[in-house]
Asker: 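The following block contains the structure, expressed as structure tokens.
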Amino acid sequence: MQHPVESDPAATRARVSRLSQEQAADRLAWLVPELNRHNRLYHRESAPEIDDRTYDLMYRELELLEARYPALVREDSPTLRVGGDPVGHLAPFPHRTPMLSLGNAFSADELREFDGRIRRQLGEAAPESIPFAVEGKLDGAAVELVYEDGVLTGAGTRGDGAVGEDILHNVKTIRAIPRRLHGDPLPSRISVRGEVFFPLEPFEAMNDAREARGEKRFENPRNACAGTLRKKDPSFAAASPLTFYAHSFGEVEGLELPGSHLAQLVQLSEWGLPVNSDLNTRHPDIEETILRVAELGALRNDLPYEIDGAVVKVDDTALQAVLGFLTRTPRWAIAFKYPPPQVHTVLRGVEFQVGRTGKVTPRAILAPARVGGVTVSSATLHNADHLTRLDLRYGDTVAIERAGDVIPKVDRVIVDADHAGRPAVTYPDTCPACGTHLERPEGEVDIRCPNSLSCPAQLHAGLRHFVSRGAMDIDGLGTKLITQLLDAGLVRRPSDLYRLDVPTLCTLERVGQRSAQSLVDAIARSRDRGLGHALAALGIPEVGEATARDLSLWFGTLDAIMEASPEALAEVHGIGDKVAARVRRFFDDPVFRAEVERLRQAGVAFPDVPEERRTPRGASEDPDAEAATSPIAGRTFVLTGTLPTLARSEAKKRILAAGGKVTGSVSKRTHYLVAGDAAGSKLDKAKKLEIPIIDEAALLEMLGSIQPD
Ligand code: IVH
């Protein structure tokens with residue numbers, strides 16, 4: 001996939017300003033579903049694929065595109081919604097006043113623009129300078145608390161902004177949140193909003209304790225927080241070091257609050273609610289505000305909790321009321337987002353880890369350093385190319401970065417006088433787990449251990465994948481038990497799981513009759529997960545749950561997938577040449593074919609997908625009148641390199657809609673090669689075969705007005 005959006009918001013802005021309406025529509029056709037997908041992953045599945053900053057930047061691009069071409073605002077645009085959907089297993093918690101989110105600013109100039117917008121809107125009523133409150137943007141879960149006559153009677157998550165989930169049972173376990181407010185007079189009803197979060201140190205301690213008990217560490221404080229709050233059983237929240245700061249209001253009845261936001265927060269703290277008064281400040285105008293935002297940015301590495309930005313709010317609540325709201329954000333507040341924090345530390349060593357597909361990933365072992373409030377002692381180095389690009393040497397000082405919830409990474413080497421004389425970090429020749437000679441398949445960045453099913457590291461990771469939720473979903477088969485099964489020689493490949501019986505399992509340490517029986521039952525149940533899950537379970541490199549499902553729905557049967565050519569595979573929406581080649585190579589490998597056969601023998605079903613559920617083949621096989629007359633109908637295209645505006649999947653979709661075909665490799669039958677930036681071997685081949693080479697603009701012209709449905 002093309003990189004979604006530049007990391008520099010100014011570059012995005014410049015690109016968007018050059019897009020024609022049609023190009024903007026194409027970009028939106030990719031961007032909107034992509035943002036919706038990430039929203040769903042974040043809010044519904046608690047399994048984000050991208051870090052917050054990337055999301056924010058993509059969202060920013062969406063706003064820019066929609067501001068430039070308001071006619072293009074799609075009905076499914078996330079700008080028309082307030083948040084994620086409520087999940088549904090807890091009671092609904094309606095918000096009397098919608099719980100909004102905040103617009104983002106990434107630079108001082110954008111804060112000045114924010115001030116300018118406010119002034120324009122206030123017009124004559126605008127004061128000489130507008131005082132702002134600056135607060136830390138806490139990275140936890142937004143929660144609404146309702147107090148009636150001073151008693152905590154309700155608590156809900158944000159949900160979709162209009163309706164959240166009732167989490168009072170969990171909120172009552174948070175010691176920082178008072179069950180009763182103190183003071184006289186008190187409002188007859190008040191809804192207070194704030195952030196429930198994990199302070200960093202208790203979070204680390206809790207994780208260490210989990211690990212010591214053999215449980216999985218939580219990846220990051222925010223997801224752990226949201227997950228804990230949404231549990232039905234309050235004992236999880238009670239055992240967690242969650243805390244709370246109030247930062248805003250829904251509505252207040254039966255009492256006038258002061259006319260300044262910060263004074264209102266002080267009032268809350270007098271009633272007993274925790275407020276982040278150490279950090280909250282007030283500034284006479286936007287320039288002073290900008291200075292404070294920068295200061296807070298420098299401070300944040302030393303805070304006992306994580307902030308990913310600063311929130312700037314018009315302090316005067318009368319002005320707030322005049323300014324009002326947009327669909328999902330107030331006009332009087334904005335979040336300034338900080339770039340991910342970086343620190344320098346020393347590289348002590350490099351470990352090479354073998355994953356489920358044999359991919360060998362280098363991991364930097366670092367002198368422990370605090371970054372973004374967390375102590376980091378290792379970081380990912382991605383792959384061999386990244387190592388080469390970094391020119392990393394043992395003993396080098398490196399800049400490491402930690403973006404919210406993602407794994408820390410080594411960003412660059414701080415080159416000093418001794419750098420050149422230090423020993424370079426290179427890949428080992430043999431697999432650290434099994435000693436087999438490592439390989440780097442042509443044209444790939446990854447280095448692999450080819451000993452697929454016999455390498456203990458791959459086998460362990462492969463089994464973990466096989467039993468995981470998106471694959472066979474076998475409950476009760478954790479990492480420890482997998483290790484025991486492998487060590488005892490009871491399992492050498494996934495298909496062996498189906499031969500396990502209760503007496504055999506009972507020979508393992510700490511496995512009793514009952515747990516053995518429930519494991520055998522869980523394994524038996526996994527035989528019928530459907531084609532998509534069974535395919536995902538095979539562990540084909542690059543083929544996760546979603547791709548496996550796409551393949552299943554497109555081809556309909558396992559045999560069709562196993563026999564498909566790379567070109568046929570690449571016709572599936574979202575599957576590129578690389579993935580197609582991987583799938584082909586996997587099924588060409590006799591070791592894996594044999595394992596598929598063994599799984600079938602063991603009763604694992606790879607059921608055909610009924611015709612009516614399969615993906616319709618669209619215009620390429622059923623050209624409508626318009627498509628048939630297009631210069632594209634019946635022509636075969638190959639896409640290569642990065643196109644300036646279209647994601648490759650989007651270009652492909654539009655060519656298909658126009659009655660053309662898209663294949664993965666250049667041959668004599670190719671009609672056009674569409675080449676973008678960094679086009680490689682396909683371009684050379686097309687030149688050799690004298691195939692016409694066109695750029696994106698020419699493609700767009702050929703496509704004319706034809707849009708996919
Ligand atoms: S004010 C109408 N202040 O950021 C304005 N929000 O995108 C409501 N957040 O999940 C929010 N720290 O819970 C505000 N000091 C702060 C905040 C803050 C964190 C969260 C908020 C929401 C998100 C807004």
Side-chain angles (χ1 to χ4, degrees), residues 39 42-43 48 52-53 55-56 59-60 63 78-79 81-84 86 95-106 114 118 132-145 155-162 164-165 167 171 191-199 221-223 225-226 229 242-252 261-262 264-266 268-269 273-282 289 292-293 296 299-300 303 305-315 317 319-321 323-338 404:
N39 257 326
Y42 180 92
H43 288 287
D52 284 8
R53 186 171 172 85
Y55 180 86
D56 289 344
Y59 195 90
R60 159 55 56 90
E63 290 176 324
T79 55
R81 266 180 295 116
V82 185
H95 303 292
R96 290 197 192 173
T97 318
M99 268 181 98
L100 301 177
S101 63
L102 294 167
N104 290 329
F106 295 96
F114 167 66
I118 291 173
F132 292 102
V134 176
E135 300 169 7
K137 186 169 187 297
L138 293 157
D139 207 9
V143 162
E144 176 171 88
L145 308 176
T157 62
R158 179 164 111 190
D160 67 359
E165 288 172 309
I167 52 164
V171 161
S191 71
V192 173
R193 281 141 188 204
E195 209 75 1
V196 170
F197 62 99
F198 279 114
R222 187 194 39 209
N223 284 358
C225 175
L229 284 178
L242 287 168
T243 189
F244 174 82
Y245 275 137
H247 57 53
S248 52
F249 298 90
E251 62 291 317
V252 188
H261 170 69
L262 286 185
Q264 291 183 345
L265 293 187
V266 170
L268 288 188
S269 73
L273 278 158
V275 164
N276 197 357
S277 38
D278 285 349
L279 228 51
N280 298 349
T281 49
R282 185 172 184 272
T289 300
R292 171 61 185 171
V293 168
L296 201 52
L299 256 177
R300 80 193 153 120
L303 295 173
Y305 44 80
E306 193 147 20
I307 61 170
D308 61 343
V311 183
V312 175
K313 300 174 182 172
V314 171
D315 188 58
T317 54
L319 288 185
Q320 288 184 1
L323 288 163
F325 301 90
L326 295 165
T327 315
R328 73 199 288 276
T329 59
R331 286 203 183 85
W332 44 265
I334 198 162
F336 182 93
K337 292 297 188 79
Y338 296 119

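In each ligand, atom 1 is the first atom listed, and ligand 1 is the first ligand listed. Numbers here are sequence positions counted from 1.
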Asker: Would you find a donor on one side and an acceptor on the other, under 3.5 Å apart, between the side chain of Q320 and the backbone of W332?
Answerer: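 Checked: no pair found.
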
Asker: Measure across I167 and V143 and return the closest heavy-atom pair with its distance rounded to 0.1 Å.
Answerer: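 The answer is CD1-CG2, 3.9 Å.
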
Asker: Any idea which atoms of ligand 1 are less than 4.0 Å away from a heavy-atom of A142?
Answerer: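 Answer for ligand 1: 10 (O), 13 (O).
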
Asker: For a quick test of reading the model, state the closest non-hydrogen atom pair linking E195 to A142 and the distance between them.
Answerer: OE1-CA, 3.7 Å

Asker: Have E144 and H95 got a donor and an acceptor in their side chains that come within less than 3.5 Å?
Answerer: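 Indeed, the side chains of E144 and H95 share at least one donor-acceptor pair under 3.5 Å.
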
Asker: Does F114 have its ring centroid less than 6.0 Å away from the ring centroid of F132?
Answerer: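 Centroid separation for F114 and F132: below 6.0 Å.
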
Asker: Counting each atom of ligand 1 from 1 as listed, which ones have a heavy atom of L138 under 4.0 Å away?
Answerer: 12 (N), 19 (C)

Asker: Return the option from R331, H261, R328, K313 holding the heavy atom at the smallest distance from atom 1 (S) of ligand 1.
Answerer: K313

Asker: Is the shortest distance from a heavy atom of G136 to ligand 1 less than 4.0 Å?
Answerer: yes

Asker: Would you mind listing which atoms of ligand 1 come within a distance below 4.0 Å of any non-hydrogen atom of E195?
Answerer: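 Going through ligand 1 atom by atom, the ones under 4.0 Å from E195 are 9 (N), 13 (O), 19 (C), 20 (C), 21 (C).
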
Asker: Give the residue, atom name and distance (to 0.1 Å) of the protein heavy atom nearest atom 23 (C) of ligand 1.
Answerer: K137 NZ, 4.0 Å

Asker: Closer than 3.5 angstrom, by distance alone: can the side chain of S191 be matched with the main-chain N or O of E251 as a donor-acceptor pair?
Answerer: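 Yes; judged by distance alone, with no hydrogens or angles, the pair exists.
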
Asker: Report the nearest protein non-hydrogen atom to atom 8 (C) of ligand 1: residue, atom name, distance rounded to 0.1 Å.
Answerer: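 The closest one turns out to be S248 OG, 4.0 Å.
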
Asker: Closest non-hydrogen protein atom to atom 18 (C) of ligand 1, residue and atom name please, with distance?
Answerer: H247 NE2, 3.3 Å

Asker: Could you check whether Y305 and N276, counting side-chain N and O atoms only, form a donor-acceptor pair closer than 3.5 Å?
Answerer: yes

Asker: Specify the closest pair of heavy atoms between R292 and L279, including all atoms of both residues, with the distance to one decimal.
Answerer: NH2-O, 3.1 Å

Asker: Does at least one non-hydrogen atom of M99 fall below 4.0 angstrom from an atom of ligand 1?
Answerer: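 So M99 does not count as touching ligand 1.
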
Asker: For atom 10 (O) of ligand 1, which candidate among R193, R158, E135, Q320 provides the closest heavy atom?
Answerer: R158

Asker: Considering the heavy atoms of P330, write down every atom of ligand 1 situated less than 4.0 Å from one of them.
Answerer: 2 (C), 5 (C)

Asker: Any chance you could lay out the side chain to side chain contact (heavy atoms under 4.5 Å, CB included) test for F249 and L268, step after step, and finish with the verdict?
Answerer: CA-CA 10 Å; F249 298 90; L268 288 188; 3.7 Å; yes

Asker: With a cut-off of 4.0 Å, which atoms of ligand 1 are near a heavy atom of V311?
Answerer: 3 (N), 15 (N), 16 (C), 17 (C)

Asker: Please write down residue, atom name and distance for the protein heavy atom closest to atom 7 (O) of ligand 1.
Answerer: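 The closest one turns out to be L102 N, 3.0 Å.
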
